[in-house]
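Let me begin by presenting the structure, written as structure tokens, before commenting on it.
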Amino acid sequence: MSKILLQNSFKEFCEQNKFEVNKQQVEIINLLDKFLNYKQTFLSLFFKKKEKRCFYLYGKVGVGKTMLLNFAFERLKIRKNRQHFNEFMINFHNFRHEKKDNNTIIAFVKELKKKYDLIYLDEFQVTNIVDAMILGKYGLVH
């Protein structure tokens with residue numbers, strides 16, 4: 001992923017929008033910065049499997065989770081996709097009904113990997129047991 005430094009631009013963003021610079025939000029921005037600028041060592045390229053990485057942010061309503069993730073997302077210069085979780089699952093089920101074979105989940109994931117370097121799912125909530133089983137079985141969620 002492209003190198004970005006979020007903390008300074010986040011403080012400018014807060015000033016421009018007349019938001020209070022919140023200490024907890026700055027900590028999350030720093031964690032996002034580390035996540036997005038993850039470095040592999042030369043040896044890890046040979047001895048480790050390519051790891052799946054995810055960043056899961058949770059908290060109370062109205063604390064700025066979506067604002068923080070949108071802030072970081074907008075600054076990334078990579079192939080990216082942002083969807084609400086329900087929209088993502090509707091797209092998956094539509095894909096599955098079109099293909100109608102046993103490999104549709106794997107095909108769906110492969111298609112996503114071809115198109116995007118980052119997938120951002122907002123409002124993540126699983127209420128359907130079948131969706132939970134699909135997500136867990138095929139490693140779509142860690």
Side-chain angles (χ1 to χ4, degrees), residues 1-100 103-142:
M1 290 192 188
S2 62
K3 178 75 173 161
I4 59 171
L5 297 174
L6 296 175
Q7 187 177 25
N8 291 337
S9 59
F10 179 69
K11 288 178 180 177
E12 290 172 14
F13 169 79
C14 288
E15 288 173 16
Q16 290 171 354
N17 290 288
K18 297 182 170 102
F19 296 152
E20 179 182 322
V21 177
N22 180 298
K23 182 180 173 183
Q24 288 82 16
Q25 290 178 345
V26 171
E27 288 176 22
I28 292 167
I29 288 294
N30 289 334
L31 290 171
L32 272 167
D33 210 8
K34 286 179 186 176
F35 173 78
L36 294 169
N37 294 307
Y38 172 77
K39 293 180 184 173
Q40 282 189 310
T41 65
F42 180 73
L43 290 175
S44 71
L45 294 172
F46 294 104
F47 296 110
K48 288 184 182 177
K49 291 169 75 174
K50 186 175 180 181
E51 63 184 66
K52 299 174 191 172
R53 301 181 58 242
C54 69
F55 189 94
Y56 181 73
L57 181 59
Y58 64 94
K60 295 179 182 177
V61 173
V63 296
K65 298 178 300 291
T66 298
M67 177 195 69
L68 292 172
L69 292 175
N70 285 343
F71 170 81
F73 184 83
E74 290 167 4
R75 282 151 182 78
L76 292 172
K77 306 293 185 233
I78 60 173
R79 300 173 310 146
K80 59 192 178 183
N81 182 19
R82 180 192 187 279
Q83 294 181 0
H84 274 258
F85 177 72
N86 291 336
E87 180 185 3
F88 175 80
M89 290 309 297
I90 288 168
N91 290 338
F92 166 73
H93 287 292
N94 289 342
F95 182 89
R96 189 151 197 257
H97 288 295
E98 288 173 13
K99 301 295 180 192
K100 294 189 182 191
N103 295 320
T104 55
I105 296 171
I106 294 167
F108 182 74
V109 171
K110 283 183 180 179
E111 189 172 299
L112 287 174
K113 285 182 177 183
K114 283 183 202 173
K115 291 181 182 179
Y116 308 111
D117 297 315
L118 176 75
I119 299 171
Y120 162 23
L121 299 176
D122 195 13
E123 301 292 333
F124 191 92
Q125 181 179 12
V126 181
T127 56
N128 180 325
I129 190 67
V130 175
D131 288 348
M133 292 169 57
I134 291 167
L135 292 169
K137 181 177 181 180
Y138 291 95
L140 295 172
V141 175
H142 312 266

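Nothing fancy with the numbering, it's 1 onward along the sequence.
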### Message
I need the single residue from Leu32, Asp33, Asn30 that forms a side chain to side chain contact (heavy atoms under 4.5 Å, CB included) with Gln7. Which is it?
### Response
Asn30
Separation of [Y] [atom2] from [X] [atom1] (nearest 0.5 Å):
X	Y	atom1	atom2	answer
Leu69	Glu74	CG	CD	11.0 Å
Leu118	Ile78	CG	CD1	4.5 Å
Phe10	Ile29	CZ	CD1	5.0 Å
Glu27	Asn22	CD	CG	9.0 Å
Phe108	Asn91	CZ	CG	6.0 Å

Any donor-acceptor pair under 3.5 Å linking the side chain of [X] with the backbone of [Y]?
X	Y	answer
Gln25	Val63	yes
Glu123	His84	no
Lys80	Phe73	yes
Lys65	Leu57	no

### Query
Residues in side chain to side chain contact (heavy atoms under 4.5 Å, CB included) with Asn86, at least two apart?
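With sequence neighbours excluded, Asn86 shows a side chain to side chain contact (heavy atoms under 4.5 Å, CB included) to no residue whatsoever.
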### Task
Any chance you could lay out the side-chain contact (heavy atoms from CB on, under 4.5 Å) test for Leu31 and Phe55, step after step, and finish with the verdict?
CA-CA 9 Å; Leu31 290 171; Phe55 189 94; 4.0 Å; yes
I'd like to check the side-chain hydrogen bond (donor to acceptor under 3.5 Å, both in side chains) partners of [X]; sequence neighbours left out, ordered by chain and number.
X	answer
Asn70	Arg82, Tyr120
Thr104	Arg96
Arg79	Asp117

### Residues forming a ring pair (Phe, Tyr, Trp, His ring centres under 6.0 Å) with Tyr116, sequence neighbours excluded
none
#### Entry: Residues in ring pair (Phe, Tyr, Trp, His ring centres under 6.0 Å) contact with Phe13, at least two apart in sequence or another chain
Phe19, Phe71
